[in-house]
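Worksheet: the structure to be examined is printed underneath.
Index from 1, following the sequence.
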Amino acid sequence: MLTRLLALVAGAACVFGFAPFAVPLVTIAALFVLFHLWSRATPREAGILGFAFGVGLFGVGVSWVYIALETFGGMPTPVAVIATAGFVAYLALWPALAGWVAARLTPPDSWARLAAAAAAFMLTEWLRGLVFTGFGWLAIGYAELPSAGAWPLAGYAPVGGVFLVTLAVCACAAAAAGVAHALAAYHARQAVAALGVIAGIAVAGALLLRVEWTQPHGAPVAISLLQGNVQQADKFRKDFLPRTYELYDELLRLSQGRIVVMPESAYPQFADEIPAAVFQRLADTARARDGLVLTGFFVAEPGSPGEGERIHNSVASFGAAPPQLYFKHHLVPFGESIPLKPLTGWFINRVLAIPLADQAPGPASQPPFEVAGQRLAVNICYEDVFGAELIPAARAATILVNVTNDAWYGRSIAARQHNQIGAMRALETGRPMLRATNTGITSAIAHDGRVISQLPWFTRGILEADVTGRTGDTLYMRVGDWLAAGLAALALVAAALIGRRRRSSPPENR
């Protein structure tokens, strides 16, 4: 029970490696504890320890889901508690699977076990970002990118994305556990070798950070990011809509940018419900600056026979260039789409009070918005969690733009975690990332993942920034997540083969 409690505490402590706490060494220390516990465990016990670690990590790290369900989703408190606990338990199954696999394939108290632990943890984290449409939040690699600038291991992001960073972190943690085991057994050479592995991984990452994977494109362009700070309780109220028009008119008038970006669903209505005068003011202001205004609202399209309307969460541009429209492609399950609708539709529509919860995805490939010699690849809210899905748009663009509304999660740590995720997308693609949010965190992020500037949380304001677009491909934009997944799979297979040979060898030869 003490070891399981230790795994639980290590998982909870791991959250302090991520924003807003941003102490990257904590994640390595937490994984060191987990891998040390796995090193002597049976497959069953390793699975239990992994589950306890996951409950700690996700129970603390994504507890904000409860706020969306109960406070703003209208779910009864007991049901919201059960739903949140069930979600955390599901996420905890992934590190449980990693522990079980590592212990099943390799003998205890061996270097093969530690290597398998690192590889299996990364592979299950990658799978967590794919299965059931994926939930890649709190991938370990994000912790290596505090807002002040990347730590050495983040240098692997432009090579193999956040999951290669995760693999590097796991490898360091496994090697550190190996150092502890070697010192306990008085094997100085093994300890020195493991320290050399850690140093080599860190130095290589630091050198990769110095590589300029992309090149500046064109002159800097003035950008204005608007943060309306409309409270979630007010956002969809019909009587509040006139005030919404007024406050964004005022922010637009005060802004200075040639390109102005408004948050996700800045106008929480369908396009045909928004007064034409509102759109006209946006277009007139943008044309006067020879630029664009990007704003969010919903679009309803006729569906196929028997299907009904198709509702899209969208971003549209108004101004000097011909109007363009982007439809959100990767929807949030149960928030924007209804999985297994014949079975779960009644629950979403009757128990939850989430507006427009049954939306349709836009095309997977959509052209960037073009203005001022730059090409803007737009993504909406949760979409920026999926790095590999953004690669085609990033290759066609010079600047990434994310619009979001994290007001769903109140004053929790979700918004700061989300900003850190956006910074990783910038580092992976070598493109600046602009984030316009309703209540925060609105920020301008450089191509190397540094947060250049941001607005205070839960305030109304304008973030002005001069941004230079970038062209060229990072290695990650060519190989996606497959490099990290392939390396981890090879490491896991190698560890299993070495472990099998060790099991079959006579004791005197071990």
Side-chain angles (χ1 to χ4, degrees), residues 9-31 53-68 71-72 84 87-88 91 125 135-154 157 162 165-166 169 225 227 229 231-232 263-264 381-382 384-385 387 402-428 433-446 448-461 463 465:
V9 171
C14 194
V15 175
F16 290 90
F18 299 90
F21 314 103
V23 186
L25 286 177
V26 172
T27 56
I28 298 178
L31 288 174
F53 183 90
V55 168
L57 172 61
F58 299 111
V60 175
V62 299
S63 56
W64 38 261
V65 168
Y66 172 83
I67 299 172
T71 304
F72 298 117
T84 303
F87 182 56
V88 168
L91 296 175
E125 188 172 85
F135 186 79
W137 210 279
L138 288 188
I140 292 296
Y142 288 121
E144 296 300 306
L145 193 55
S147 59
W151 278 46
L153 298 186
V162 68
V165 181
T166 291
V169 173
L225 307 176
Q227 183 169 293
N229 194 36
Q231 301 305 303
Q232 191 63 28
E264 175 189 13
C381 194
Y382 184 61
D384 67 350
V385 179
N402 175 264
V403 298
T404 193
N405 176 31
D406 285 333
W408 280 104
Y409 309 110
R411 294 182 179 272
S412 69
I413 58 178
R416 300 187 186 278
Q417 291 174 346
H418 200 179
N419 195 58
Q420 189 173 47
I421 289 170
M424 182 60 73
R425 301 289 87 86
L427 181 59
E428 287 174 344
M433 168 70 85
L434 307 176
R435 303 190 73 247
T437 71
N438 177 23
T439 55
I441 306 293
T442 293
S443 63
I445 302 170
D448 58 4
R450 287 179 301 107
V451 176
I452 303 169
S453 57
Q454 65 182 41
L455 290 177
W457 205 15
F458 284 93
T459 60
R460 186 166 299 143
L463 182 62

Legend entry - Validation row: Y66, F87 side chains within 4.5 angstrom (heavy atoms): no
Inset, instruction - Could you check if a side-chain atom of L455 sits within less than 4.5 angstrom of a side-chain atom of I441, using non-hydrogen atoms only? - result: no
Legend entry - Spatial distance of atom CE (M433) from atom CD1 (I452) [nearest 0.5 Å]: 12.5 Å
Inset, instruction - Can you see which heavy atom on W64 is nearest to which on Y409, and at what distance? - result: CE3-CD2, 3.4 Å
Inset, instruction - Please report the closest heavy-atom contact between S412 and I67, naming both atoms and the distance. - result: CB-CD1, 3.9 Å
Inset, instruction - For side-chain contact (heavy atoms from CB on, under 4.5 Å), just list the numbers for Q232 and T439, CA-CA rounded to whole Å, side-chain angles, deciding distance to a tenth of an Å, and then say yes or no. - result: CA-CA 9 Å; Q232 191 63 28; T439 55; over 6 Å; no
Inset, instruction - Provide the closest heavy-atom pair for R435 versus N419 in the form atom of the first, atom of the second, distance. - result: NH1-OD1, 3.1 Å
Inset, instruction - Give the minimum heavy-atom separation between L225 and S443, together with the two atoms involved. - result: CD1-O, 3.4 Å
Inset, instruction - With side-chain contact (heavy atoms from CB on, under 4.5 Å) as the test, would you mind laying out the steps for R416 and W457 before giving the verdict? - result: CA-CA 9 Å; R416 300 187 186 278; W457 205 15; 3.3 Å; yes
Legend entry - Any I413 side-chain heavy atom under 4.5 Å of P20 side chain: yes
Legend entry - Plane angle bin for F21 and F16 - parallel if under 30°, tilted between 30 and 60°, otherwise perpendicular: tilted
Legend entry - Flag, side chain of Q420 to backbone of A22, donor-acceptor distance under 3.5 Å: no
Legend entry - Q454 (side chain) donor-acceptor with I445 (main chain) under 3.5 angstrom: no
Inset, instruction - Over 60° means perpendicular and under 30° means parallel, so classify the ring planes of W137 and H418, tilted if in between. - result: tilted
Inset, instruction - Return yes if some donor-acceptor pair links the side-chain N/O of N402 with the main-chain N/O of C381 below 3.5 Å, else return no. - result: yes
Legend entry - Closest approach of F18 to I140 (non-hydrogen atoms, all atoms of both residues): CZ-CA, 3.9 Å
Legend entry - Separation between CD of E144 and CD1 of I28, rounded to the nearest 0.5 Å: 5.0 Å
Legend entry - N/O donor-acceptor pair under 3.5 Å between E125 side chain and A139 backbone: no
Inset, instruction - Starting at CG of D448, measure out to CG of L145 and round the result to the nearest 0.5 Å. - result: 9.0 Å
Inset, instruction - Evaluate side-chain contact (heavy atoms from CB on, under 4.5 Å) for S453 paired with L463, printing each intermediate quantity in order. - result: CA-CA 8 Å; S453 57; L463 182 62; 3.4 Å; yes
Legend entry - Considering all heavy atoms, the nearest Y142-G136 contact: CE1-O, 3.7 Å
Inset, instruction - Take atom CZ of R450 as the centre, draw a 6.0 Å sphere, and report whether it contains more than 12 heavy atoms from other residues, nucleotides or ligands. - result: no
Inset, instruction - With rounding to the nearest 0.5 Å, note down the distance linking CZ in F58 to CZ in F53. - result: 8.5 Å
Legend entry - Distance in Å, N438 CG paired with F458 CZ, rounded so as to fall on 0.5 Å steps: 8.5 Å
Legend entry - Under 3.5 Å donor-acceptor, Q227 side chain and T459 backbone: yes
Legend entry - Backbone of C14 reached by a side-chain donor or acceptor of T27 within 3.5 Å: no
